[in-house]
Chemist: 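Pasting a structure below so you can have a look.
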Amino acid sequence: MNKNKTLAQIFEKIGDTLEFMGDNPFKVNAYRKAARVLNDLVEDVEEIYKEKGLQGLMTIPGIGERIAKKIVEYLETGKIRKYEEVMSLVPQDLLELLDVPGLGPKTLKLAYDKLGVKNLEDLKKVLEDGSLEKLPGMGPKKVENIKKGLELYTRMKDRIPIGLAIPIVEDIVSRLKELKEVELISPCGSFRRMKETIGDIDILVVGQDGFKIIRYFTELPGVTKVLAQGETKGSCIFEDRYQVDLRVVPRDSWGAALQYFTGSKAHNIKVRSIAKQKGLKVSEYGVFKGEKKIAGASEEEVYKVLGLKWIPPELREDRGEIEAALIDALPNLVEEDEIKGDLHVHSRYSDGTADLEEIASKGIERGYEYIAVCDHSRSVKYARGLEIDRLLKKLEEIKKVNQKKPGIRLLAGAEVDILGDGALDYPDEILKKLDFVVAATHIWKKDEDVTERILKAMDNPYVDVIAHPTGRLIGQREGYKVDIEKIIEKAREKDIALEINAYYERLDLNDINVRLAKEKGVKLSIGTDAHNIGQLWMMRLGVGVARRGWLEPEDILNTLSVEQLMEWRRKRRK
DNA sequence: GCCGTTTTCGGCCCGACTGTTTTCAGTCG
């Protein structure tokens with residue numbers, strides 16, 4: 001198993017604790033940076049250490065000698081003394097309270113030292129009984145602010161899956177566009193970067209009358225609370241759950257503001273460092289040479305004056321995109337209109353609600369050449385998996401629909417379960433009849449490692465795709481135990497594609513693993529896993545993951561024509 | 001704690017807002 005994530009968490013916690021203890025803020029930042037780098041790292045640190053030793057670890061940007069040695073200590077002994085030492089200094093429940101808006105490390109430390117606050121309960125108490133308010137530097141407004149933050153914290157601890165945010169953002173944007181004062185408008189932040197979950201939603205506007213625009217915004221249907229309202233910024237809670245911030249900026253700062261509010265933070269820090277090296281200064285108002293503004297109206301020019309190509313938002317995570325932009329080596333990212341079909345859709349035959357004709361019609365409407373209808377196989381009883389006779393019946397009906405609807409080709413597919421021993425849920429003579437076979441794991445025992453059974457299934461020449469390879473559900477469950485690197489390696493060897501399941505709660509593979517697969521030369525297949533025709537739009541989410549994973553059109557099965565797709569299958573089976 | 005075709009020491013992104021201050025600290029994005 002890959003230890004990058006565990007180490008990232010450890011360093012994150014060390015960072016939080018040191019910050020709380022009032023240690024050097026740059027040291028705190030160094031630990032956090034190391035945590036982020038490890039989280040994003042495609043290679044397994046353990047492998048790097050095995051192959052290249054301590055020196056190898058130190059070549060990772062953000063990892064120096066001290067942290068590299070801690071990584072080694074963890075790999076060899078399973079623990080890190082510094083971590084244990086630091087953990088014992090501070091009650092860990094307390095540190096979680098740093099997520100409360102308005103409550104930072106200094107105030108929390110003060111409450112801990114002077115009032116003995118050790119957890120959420122204690123905090124509530126000192127807020128209520130006035131003891132926090134009496135401490136030096138504190139006052140009634142700060143206390144009130146923390147109380148509000150605490151309320152928000154308990155209600156909105158969880159991030160929002162992007163699939164839930166999209167309809168809300170689109171609605172707000174289209175309503176704002178109706179206002180004649182609004183000249184330019186764009187969502188920014190993690191939403192624009194198409195991150196799988198987002199904290200709050202930022203929308204940027206250029207317009208004539210800030211007060212009017214903001215007031216209109218705070219009065220939109222769906223607003224349940226107005227947090228702030230002025231000439232340049234408004235902030236509301238929609239539907240008791242989604243915080244949306246609207247900012248109004250002057251036109252000549254549009255590009256700089258868009259760049260700034262899109263982030264990510266790490267990306268912006270690096271952009272600003274580059275500016276600084278060139279004697280320039282970047283802020284949300286523009287790029288400045290001394291007092292003089294030399295860029296800011298468009299994002300393109302902001303990047304250009306820094307010697308960078310414009311970087312697509314999905315790449316802005318400081319994962320090498322800036323280095324690539326410097327030498328004009330950014331990938332030619334796939335676009336949604338290059339997608340020629342959906343490769344994982346359910347029909348009424350199993351647990352979907354659409355019949356085959358509806359699926360075909362909706363596919364034509366979306367401009368697709370094909371849709372692979374992949375219903376569940378017989379073992380998945382809870383999803384009405386198809387017995388063989390039903391499957392054969394479905395194949396017949398697909399033929400008829402294809403004759404009736406020449407504008408699109410439905411591919412006779414199945415989402416075949418990978419059974420406990422790695423066998424597939426249909427025999428080969430049945431699989432042979434299918435146009436497209438997606439293999440998936442739906443049933444596993446607690447703590448079972450499913451790597452071996454998936455690898456075994458990949459020996460079957462009829463398998464085209466491994467669906468939702470990690471089984472995770474965003475915000476709900478971790479997924480099964482699986483060594484994704486082994487799966488990727490096997491996919492390369494057998495020329496099997498791995499799925500980007502575009503259903504908003506899955507997004508599986510995620511961006512990091514997608515990029516790793518690409519680097520290993522593995523093709524990716526995007527499927528919405530739609531169970532009704534109202535979910536086919538989620539292709540957009542899958543394309544977002546693909547772009548965040550640096551994928552180009554040729555990395556993706558769905559950009560092939562139906563003939564090319566069939567040819568790809570034939571070649572593999574020989 | 002990291003890092004270096006301006007530095008192996010001395011930096012480390014930038015600006016706004018808020019509240020408790022009388023010149024600034026804390027927090028946020």
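Chain letters run A, B, ... following the sequence lines, proteins first and then strands; every chain starts at 1. Just the heavy atoms: all of them, side chains too, but no hydrogens, waters or symmetry mates, feed the values below.
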Chemist: Considering heavy-atom distances to DNA chain B, does A:Asp200 or A:Pro136 have its closest nucleotide positioned more toward the 5' end?
Modeler: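 Comparing both residues, the 5'-ward one is A:Pro136.
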
Chemist: Expressed in angstrom and rounded to an integer, what is the separation of A:Lys142 atom NZ from B:dC28 atom C1'?
Modeler: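 To the nearest whole Å, that distance equals 13 Å.
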
Chemist: Base, sugar-phosphate alone, or nothing: which one does A:Pro105 contact when heavy atoms must sit under 4.0 Å apart?
Modeler: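 Here A:Pro105 touches the backbone only, sparing every base.
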
Chemist: If I take atom CG in residue A:Asn145 and atom C1' in nucleotide B:dA25, what distance separates them, rounded to the nearest angstrom?
Modeler: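 So the CG-C1' distance, A:Asn145 to B:dA25, works out to 15 Å.
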
Chemist: Provide, to the nearest angstrom, the distance between the NZ atom belonging to A:Lys265 and the P atom belonging to B:dT27.
Modeler: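 Result: 13 Å.
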
Chemist: Give a yes or no on whether a salt bridge exists between A:Lys195 and A:Asp511, defined as a side-chain N under 4.0 angstrom from a carboxylate O.
Modeler: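 Result for this pair is no, no salt bridge flagged.
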
Chemist: Taking only side-chain N and O atoms of A:Lys276, does any of them lie within less than 4.0 angstrom of OP1 or OP2 on B:dC12?
Modeler: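 True: A:Lys276 side-chain N/O within range (under 4.0 Å) of B:dC12 OP1/OP2.
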
Chemist: Under 4.0 angstrom, heavy atoms only, what part of the nucleic acid is A:Val143 near: base, sugar-phosphate, or nothing?
Modeler: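 Nothing, no heavy atom under 4.0 Å.
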
Chemist: State, without any angle test, whether A:Thr218 and A:Gln229 hold a side-chain donor-acceptor pair at a distance under 3.5 Å.
Modeler: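 On atom types as modelled, these side chains qualify, holding a pair under 3.5 Å.
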
Chemist: Does B:dG15 have OP1 or OP2 sitting under 4.0 Å from an N or O in the side chain of A:Lys281?
Modeler: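 So the side-chain polar atoms of A:Lys281 do come within 4.0 Å of the phosphate oxygens OP1 or OP2 of B:dG15, strictly under.
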
Chemist: How far, in whole Å, is B:dG15 from B:dT8 if one measures between their P atoms?
Modeler: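 Per the computed distance, 28 Å lies between those P atoms.
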
Chemist: When all nucleic acid strands are considered with a 4.0 Å heavy-atom cut-off, which category describes A:Lys70: base, sugar-phosphate, or nothing?
Modeler: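 Here A:Lys70 touches the backbone only, sparing every base.
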
Chemist: Just to be sure I understand the rule, does A:Gln277 reach a base, reach only the sugar-phosphate, or reach nothing, if contact means heavy atoms closer than 4.0 Å?
Modeler: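 It contacts nothing in the nucleic acid.
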
Chemist: If we take the P atom in both B:dA25 and B:dT21, what is their distance in whole Å?
Modeler: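 13 Å, rounded to whole Å.
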
Chemist: At 4.0 Å (heavy atoms only), tell me whether A:Pro140 reaches a base, stays on the sugar-phosphate, or touches nothing.
Modeler: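 Touches sugar-phosphate only.
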
Chemist: Syn or anti: how is B:dT21 classified when any glycosidic angle within 90° of 0 counts as syn?
Modeler: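 Anti.
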
Chemist: Is A:Ser283 near enough to B:dC13 that one of its side-chain N or O atoms lies under 4.0 angstrom from OP1 or OP2?
Modeler: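 For B:dC13, neither OP1 nor OP2 has a side-chain N or O of A:Ser283 closer than 4.0 Å.
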
Chemist: Between A:Lys518 and A:Glu552 (salt bridge meaning N to carboxylate O under 4.0 Å), is one present in this structure?
Modeler: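 A:Glu552 and A:Lys518: salt-bridged.
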
Chemist: With rounding to whole Å, what would you report as the distance between B:dC14 and B:dT7 at their C1' atoms?
Modeler: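 23 Å, rounded to whole Å.
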
Chemist: Base, sugar-phosphate or nothing for A:Phe26? Non-hydrogen atoms, less than 4.0 Å.
Modeler: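 Contact class for A:Phe26: base.
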
Chemist: Salt bridge check, A:Glu183 against A:Lys177: does any charged N sit closer than 4.0 Å to a carboxylate O?
Modeler: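 No, A:Lys177 and A:Glu183 are not salt-bridged.
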
Chemist: Distance check needed: B:dG26 C1' versus A:Leu135 CG, whole Å only.
Modeler: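 Answer to the nearest Å: 15 Å.
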
Chemist: Is it the case that the side chains of A:Tyr504 and A:Glu196 hold a donor-acceptor pair, with the cut-off being a distance below 3.5 Å and no angle test?
Modeler: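 No, A:Tyr504 and A:Glu196 have no side-chain donor paired with an acceptor closer than 3.5 Å.
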
Chemist: May I ask you to verify whether the side chain of A:Asp202 and the base of B:dG29 hold a donor-acceptor pair under 3.5 Å?
Modeler: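 Answer is no: no donor-acceptor pair is held.
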
Chemist: With rounding to whole Å, what would you report as the distance between B:dC13 and B:dC17 at their P atoms?
Modeler: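 About 22 Å, rounded to a whole number of Å.
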
Chemist: A:Lys148 NZ to B:dG19 C1': how many Å, rounded?
Modeler: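 Those two atoms, NZ and C1', are 13 Å apart.
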
Chemist: Should B:dA16 form a Watson-Crick or G-U wobble pair with both distances under 3.5 Å, which nucleotide is its partner?
Modeler: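 For B:dA16, the partner nucleotide comes out as B:dT27, under the 3.5 Å rule.
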
Chemist: Distance check, C1' atoms only: B:dA16 and B:dG11, in whole angstrom units.
Modeler: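 24 Å, rounded to whole Å.
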
Chemist: If you compare every side-chain N and O of A:Tyr285 against the phosphate oxygens of B:dC14 (OP1, OP2), does one of them come in below 4.0 Å?
Modeler: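 Checking B:dC14 against A:Tyr285, no side-chain N or O comes under 4.0 Å of OP1 or OP2.
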
Chemist: In whole angstrom, what separates A:Asp99's CG from B:dG29's C1'?
Modeler: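 Result: 15 Å.
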
Chemist: Okay, side chain of A:Ser174, backbone of A:Asp171: is any donor-acceptor separation there less than 3.5 Å?
Modeler: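 At least one qualifying donor-acceptor pair exists.
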
Chemist: Under 4.0 Å between a side-chain N or O of A:Lys233 and OP1 or OP2 of B:dG29?
Modeler: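 Answer no for this pair, as no side-chain N or O of A:Lys233 is under 4.0 Å from OP1 or OP2.
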
Chemist: Return the value, rounded to whole Å, for the distance between atom CG of A:Leu57 and atom P of B:dC2.
Modeler: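 To the nearest whole Å, that distance equals 12 Å.
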
Chemist: Between B:dG19, B:dC13, B:dC2, which nucleotide gets closest to the side-chain atoms of A:Ser273?
Modeler: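 Out of B:dG19, B:dC13, B:dC2, the nucleotide with an atom closest to A:Ser273's side chain is B:dC13.
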
Chemist: In whole Å, what separates the P atom of B:dG26 from that of B:dT22?
Modeler: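 B:dG26 and B:dT22 have their P atoms separated by 15 Å.
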
Chemist: Nearest whole angstrom, please: distance from the P of B:dG26 to the CD1 of A:Ile146.
Modeler: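 Rounded to whole Å, this separation is 13 Å.
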
Chemist: Suppose you measure atom P in B:dT23 against the same atom in B:dG29; what distance do you get, rounded to whole Å?
Modeler: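 Those two atoms are separated by 29 Å.
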
Chemist: Examine B:dG1: is either OP1 or OP2 under 4.0 Å from a nitrogen or oxygen in the side chain of A:Arg66? Give yes or no.
Modeler: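 A:Arg66 to B:dG1 OP1/OP2: side-chain N or O found under 4.0 Å.
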
Chemist: Strictly under 6.0 Å, is that where the ring centroids of A:Tyr112 and A:Phe20 end up?
Modeler: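 Distance test on ring centres: under 6.0 Å, yes.
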
Chemist: Just to be sure I understand the rule, does A:Asn24 reach a base, reach only the sugar-phosphate, or reach nothing, if contact means heavy atoms closer than 4.0 Å?
Modeler: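 The residue A:Asn24 makes base contact.
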
